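Single-structure report; data block below.
For this chain, numbers begin at 1 and follow the sequence in order. Predicted, not measured: the structure shown is a model, and the values here were computed from it.
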Amino acid sequence: MGVSLKSWPFMYLGRLIFGIGEETFLVVNSALLAEWFQGKELAFAFGLELSIARLGSVFNNLISPILADRLDIIFAFWFGTILCGFSALCVLFTLPIDKAMEVHIAKHCLKDPLESSVYTIVD
C-alpha cells in the first residue's frame with residue numbers, strides 16, 4: 001500500500017510489520033515441523049523448508065523486475081502481496097489438517113513416556 005500511496009513512512013511501517021510477522025512465522029513453522037517430524041525426517045523437513053524459502057527469494061528477484069519493466073512497479077508490489085495472501089490462505093487450509101492429526105494421534109497412539117515426541121501407533 002505504501003508504494004501505491006507513494007508514502008515512505010507507510011512503506012517503513014509495512015516493512016516493520018512484515019518483519020515482525022516473518023519472525024513469528026518462522027518460530028511457528030519450526031514448532032509445527034518439530035511436531036510432525038522427528039530424527040532424520042526433521043532435518044530433511046527443515047532443509048526442504050529452507051530450500052523452498054530460498055527458491056521463493058530467487059523467484060522474487062527474477063520476476064519482480066520483469067513485472068516492473070513490462071507492467072508497472074506498483075503491480076510488481078501488489079503481485080507479491082497477492083502471493084503472500086495466497087500463502088496465508090494455505091496456512092489456514094493446513095490448520096484443520098493439523099488439528100485432525102492431533103485428534104487422531106490422541107485416539108490411536110500411545111506416547112512413549114521417556115521420549116516426549118515419540119508415538120507408538122496402536123489400532
Side-chain angles (χ1 to χ4, degrees):
M1 271 196 193
V3 175
S4 295
L5 298 174
K6 296 181 175 105
S7 167
W8 281 101
F10 204 56
M11 286 186 232
Y12 288 136
L13 178 65
R15 181 63 184 142
L16 176 73
I17 292 169
F18 177 79
I20 292 169
E22 178 184 23
E23 290 301 318
T24 304
F25 169 77
L26 291 174
V27 170
V28 171
N29 193 36
S30 295
L32 281 174
L33 287 176
E35 186 177 318
W36 283 34
F37 301 99
Q38 61 183 345
K40 292 178 184 176
E41 292 83 13
L42 179 60
F44 179 74
F46 277 134
L48 186 63
E49 185 268 334
L50 185 61
S51 298
I52 292 172
R54 296 297 182 252
L55 282 174
S57 296
V58 169
F59 177 74
N60 176 58
N61 291 338
L62 292 173
I63 299 299
S64 291
I66 294 171
L67 291 174
D69 286 342
R70 292 190 181 167
L71 298 169
D72 188 5
I73 193 164
I74 294 173
F75 178 80
F77 277 99
W78 278 110
F79 182 74
T81 303
I82 291 167
L83 287 179
C84 285
F86 176 72
S87 175
L89 288 175
C90 289
V91 168
L92 293 176
F93 177 73
T94 60
L95 287 175
I97 295 170
D98 184 51
K99 188 56 79 176
M101 203 54 190
E102 286 179 8
V103 170
H104 177 76
I105 287 172
K107 287 182 181 177
H108 300 289
C109 299
L110 297 174
K111 194 171 194 178
D112 186 346
L114 299 176
E115 295 287 332
S116 63
S117 64
V118 176
Y119 295 92
T120 304
I121 298 175
V122 293
D123 286 323

Chi angles and distances behind the side chain to side chain contact (heavy atoms under 4.5 Å, CB included) call for L83, W78: CA-CA 9 Å; L83 287 179; W78 278 110; over 6 Å; no
Common cluster, F93/I82, ILVMFWY with side-chain heavy-atom separation under 4.5 Å: no
Heavy-atom closest contact (P65 atom, N60 atom, distance): CD-O, 3.9 Å
Shared hydrophobic cluster for L33 and F44 (ILVMFWY, side-chain gaps under 4.5 Å): no
Flag side-chain contact, heavy atom, 4.5 Å: R54 against V58: no
Where at least one partner belongs to residues 87-98, residue pairs that pass side chain to side chain donor-acceptor pair (under 3.5 Å), sequence neighbours excluded: W36-D98
Rounded distance [0.5 Å steps], CZ in F79 versus CD1 in I66: 11.0 Å
Transitive ILVMFWY side-chain link F37 to F46, under 4.5 Å: yes
Side-chain donor-acceptor pairs under 3.5 Å in residues 67-76, sequence neighbours left out?
none

Counterpart residues, salt bridge (charged side-chain N to carboxylate O under 4.0 Å, His left out), relative to K40 (two or more places apart): none
L95-L89 co-clustered via ILVMFWY side chain contacts under 4.5 Å: yes
